[in-house]
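Positions are given from 1 along the sequence. Below, all heavy atoms of this structure are taken into account, side chains as well, without hydrogens, waters or symmetry copies.
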Amino acid sequence: MATDAEKLLEQQSGEIDFDELLRKYDTEARFRTLTGRQGAFISLAAIAMALFHFYTAGFGLLPAQTQGAVHLAFALSLTILLYPASQKHSRKDSIPWYDWLIAGGCILATMYLVVNFIELANRSGNPTKLDLYMGGLLIILLLEATRRISNPVLSCLAIAALLYCYFGRYMPELFAHRGFSLTRIINHMYLGTEGVFGTPLEVSSTFVFMFILFGSVLEKTGIGKFIIDLSLAIAGWSTGGPAKVAVVSSGIMGTISGSSVANVCTTGMFTIPLMKSVGYRSSFAGAVEAVASTGGQIMPPIMGAGAFIMAQFLGVSYTVVAIAAIVPAVLYYAAVIVQVHLEAQRLGLKGLPRDRLPNLWRLLKERGFLLIPLVAIVYFLVSGYTPLMAAFFGILTCIPLSWMNRETRLTPSKLAEAFEAGARGALSVACACGCVGIIVGTGTLTGLALRIANGIIELSGGLLLPTMLLTMCASILLGTGLPTTANFIVTSTMAAPALIQLDVPPLAAYMFVFYFGIAADLTPPVALAAYAGAGIAGADPMRTGVTAFKLALAGLIVPYIYVFNPILLFIDATPLPMIQAIITALIGVCLLAMFSIGYFVTDMPWWLRVIALGGALGLLDPGTLTDVLGLVVLAVIYGVQRLRKRSEDQTFIQTGESDL
């Protein structure tokens, strides 16, 4: 089937420029195309950045602030050199002189901390004028670099946070504070450990970078094509097989890639034409790919690097977060697969012929070893290795294994390309985490997070369900267009405290805002992942966005379930209640899938869809009574639909006989 997929891709490649599509919806793809000496310099600088992080991961990190400063020096300077100030008016094939100057300023402001680390530590809280000038320069350049590579919303949020620090005394009573001087603000953001060089950048300069590098090295072995072929071999023959292939392959790739849009444009170029080839509507095909790719961010083991930051914020091991995320992720993908299956049944779509599909055992024999690094990294994490060392050993595992097959072999040139791609892939995360540090620092300096939490609780009257609804809306709004890591940091800082104040376990609260922050990529009017899918499918973007939101809706009920029933996150879990909770949650997402698609056995009338919705919402509240009611609703729907199907079949037979 690999051949058929390639034929479909070749046929569509003449119609769609995938690079242009990626640049349209993913700001990280809007970089300069450099050749000659400038291109060689950028490549060498990116490889040097990757080698620095690889070496320190394996042989010892620098002090946290120094590690973060070197990390940011590479990231800011490369971002300024690679990304033009204006997409319309700046040259894309060369670096202007003023960007070289700005890049030098980035290196100066960050390396000032490294060179003067001991002196700055000794005079902590008493900065000199030069310290403040360097701090001000870094903040300005960080905002500019983030604007260039990421969504401008993030830079605007950081600027608003800085203005709030200074003008707090003029704010409404609920958000007012005494206000802080420029000296205090710069000192807190630049020289402290709760601003730019706080936890977000610390995690970016260690765990996150190494897992991005691991993903880049793994990608160079050709694992993306292998996962698509493997998914085709497993599910391609079933009802609506290509759509299920998209769900499985995009889910696996999404947890490695860390970007919903990039994942849509990578796996979607194969899966979307396949879905259309068996009869799925263009908008539905694009939506399935978008929902599956976005869900990769919540799928263990990597979760778009969000798991490591969540563990750091909670003060627990990575394993706790990864295990907690298993059941919600399975429920999310179960909801998507059920809807895909129901849609295929409704349209009468079949799977692909088995003779067009790759042979599973031959595939595993030839390239199955590519899965070993993924298994190895999970083993290292579960065995008690730090995420940093797990990623380090994961990369070392990839290199010798790749030589088992000529097509997958990591030659020195391919390894250098992987290291360069890894460094370039980490630039947006580094800039975003540094910029988010300003927002987090504002929260610690002014108490903003607590004030927002109090405001949400006051609006909701102190009731949990209205608070969850408001927190959901805030998370979707705050997460719009942000990279996964920055997305979680912003939502967990600004939105999660309201849930925690109402005695929701912190892990459940953080997971709740993480889910809905990620959902921003599927929520119109700024559904970037859905719009990228629409571009590949040749569908209407808004229609694709609405369809994607409908497909994700059944999965997005899951956060409400585990807030009401934290046992799904393995919080105080015991076997029997855990099994009951999982079964009832599965019934809930299936009922919501029926409501969304409007089909089960046969087309569902509107009143039966309303009953399905009511049964699904009833299962939000854990308890034997609601669980029994959910089962009754499912049984009633099944019985009614079977009778309706039998009646339709009899009518069809009678009509056929009368025609004869």
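Between the NZ atom of K220 and the CD1 atom of I399 there is a distance of 14.0 Å, given to the nearest 0.5 Å. Note that CD1 of I395 is 7.5 Å distant from CD1 of I377, once rounded to the nearest 0.5 Å. Once rounded to the nearest 0.5 Å, the distance linking CE of M49 with CG of L44 reads 15.0 Å. For the atom pair CD1 of I309 and CD1 of I489, the computed distance is 4.0 Å after rounding to the nearest 0.5 Å. The structure places CD of Q67 at 9.5 Å from CG of L201, a figure rounded to the nearest 0.5 Å. Put simply, CG on L401 and CG on L396 are 11.0 Å apart, with the number rounded to the nearest 0.5 Å.
The two residues A390 and Y385 have their closest heavy-atom pair at N-CB, 4.4 Å. Summarising the geometry of V340 relative to Y280, their closest heavy-atom pair is O-OH, 3.4 Å, with the distance given to 0.1 Å. Of all non-hydrogen atoms in T79 and C431, the two that sit nearest each other are OG1-SG, 3.5 Å. Shortest non-hydrogen contact noted between T544 and G286 is CG2-C, 3.9 Å. For the residue pair L568 and P328, the shortest heavy atom distance occurs at O-CD, 4.0 Å. Closest non-hydrogen pair, G279 versus L347, comes out as O-CD1, 4.4 Å.
When atom types are taken as modelled, the side chain of Q38 and the backbone of I95 share a donor-acceptor pair closer than 3.5 angstrom. Using modelled atom types, no side-chain atom of S293 and backbone atom of A290 make a donor-acceptor pair closer than 3.5 Å. Put simply, the side chain of K414 gets close to the backbone of R409: a donor and an acceptor are under 3.5 Å apart. D521 places no side-chain N or O within 3.5 Å of a backbone atom of A529 that could act as its donor or acceptor partner. Side-chain atoms of T491 do not come within 3.5 Å of backbone N or O of F514 as any donor-acceptor pair. With T294 contributing its side chain and V291 its backbone, the two residues share no donor-acceptor pair below 3.5 Å. Distance alone, capped at 3.5 Å, is enough to place a donor-acceptor pair between the S402 side chain and the L410 backbone. In this structure, the side chain of S216 engages the main chain of G422 through a donor-acceptor pair within 3.5 Å. K276 places a side-chain N or O within donor-acceptor distance of the main-chain N or O of A537, the cut-off being under 3.5 Å. Between the side chain of Y332 and the main chain of A552, no donor-acceptor pair closer than 3.5 Å is present.
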Mind running side-chain contact (heavy atoms from CB on, under 4.5 Å) on F570 and V327 for me, showing each step along the way? CA-CA 9 Å; F570 292 91; V327 174; 3.9 Å; yes

In sequence, state the C-alpha distance, the side-chain angles, and the governing distance for S238 and K244, and then conclude on side-chain contact (heavy atoms from CB on, under 4.5 Å). CA-CA 8 Å; S238 62; K244 294 174 184 174; 3.5 Å; yes

Step-by-step side-chain contact (heavy atoms from CB on, under 4.5 Å) determination, R148 to L82: CA-CA 9 Å; R148 291 190 184 194; L82 274 170; over 6 Å; no

For a side-chain hydrogen bond (donor to acceptor under 3.5 Å, both in side chains) check, start with the C-alpha distance between E289 and T271, then their side-chain angles and the critical distance, and finish with the verdict. CA-CA 7 Å; E289 176 59 43; T271 59; 2.5 Å; yes

side-chain contact (heavy atoms from CB on, under 4.5 Å) between Y318 and Q312, worked out: CA-CA 8 Å; Y318 157 82; Q312 195 85 351; over 6 Å; no

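For the pair L218/L374, a side-chain contact is recorded, criterion being any heavy-atom separation below 4.5 Å from C-beta on. Between V429 and C433, some side-chain heavy-atom pair lies under the 4.5 Å cut-off. T386 is not listed as a side-chain neighbour of F380, based on a closest heavy-atom distance of 4.5 Å or more. Inter-residue side-chain proximity for I372 and F369 is flagged as met; some heavy-atom pair is nearer than 4.5 Å. The shortest distance between side-chain heavy atoms of L34 and D93 does not fall below 4.5 Å. With a 4.5 Å cut-off on side-chain heavy atoms, H53 and L213 do not count as touching. Considering only heavy atoms from C-beta on, F284 comes within 4.5 Å of L551 through its side chain. Under the 4.5 Å side-chain criterion, counting only non-hydrogen atoms from C-beta, L371 is in contact with L230.
Between E420 and R424 there is a salt bridge, since at least one side-chain N of the basic residue sits less than 4.0 Å from a carboxylate O of the acidic one. Ion pairing between E407 and R367 fails under the 4.0 Å rule for side-chain N and carboxylate O.
Ring pair F214/F211 is perpendicular by interplanar angle, where above 60° counts as perpendicular and below 30° as parallel.
With ring centers used as reference points, Y562 lies under 6.0 Å from Y515. Taking the six-membered ring where the residue is Trp, the centroids of F54 and F419 are separated by under 6.0 Å. Less than 6.0 angstrom separates the ring centroid of Y510 from the ring centroid of F488.
Between H341 and the choices E343, Q339, Q345, the side-chain hydrogen bond (donor to acceptor under 3.5 Å, both in side chains) rule is met once, by Q345.
In this view, T66 satisfies the side chain to side chain donor-acceptor pair (under 3.5 Å) rule with no residue, not counting sequence neighbours.
A 6.0 Å sphere centred on CD of E219 holds no more than 12 heavy atoms belonging to other residues, nucleotides or ligands.
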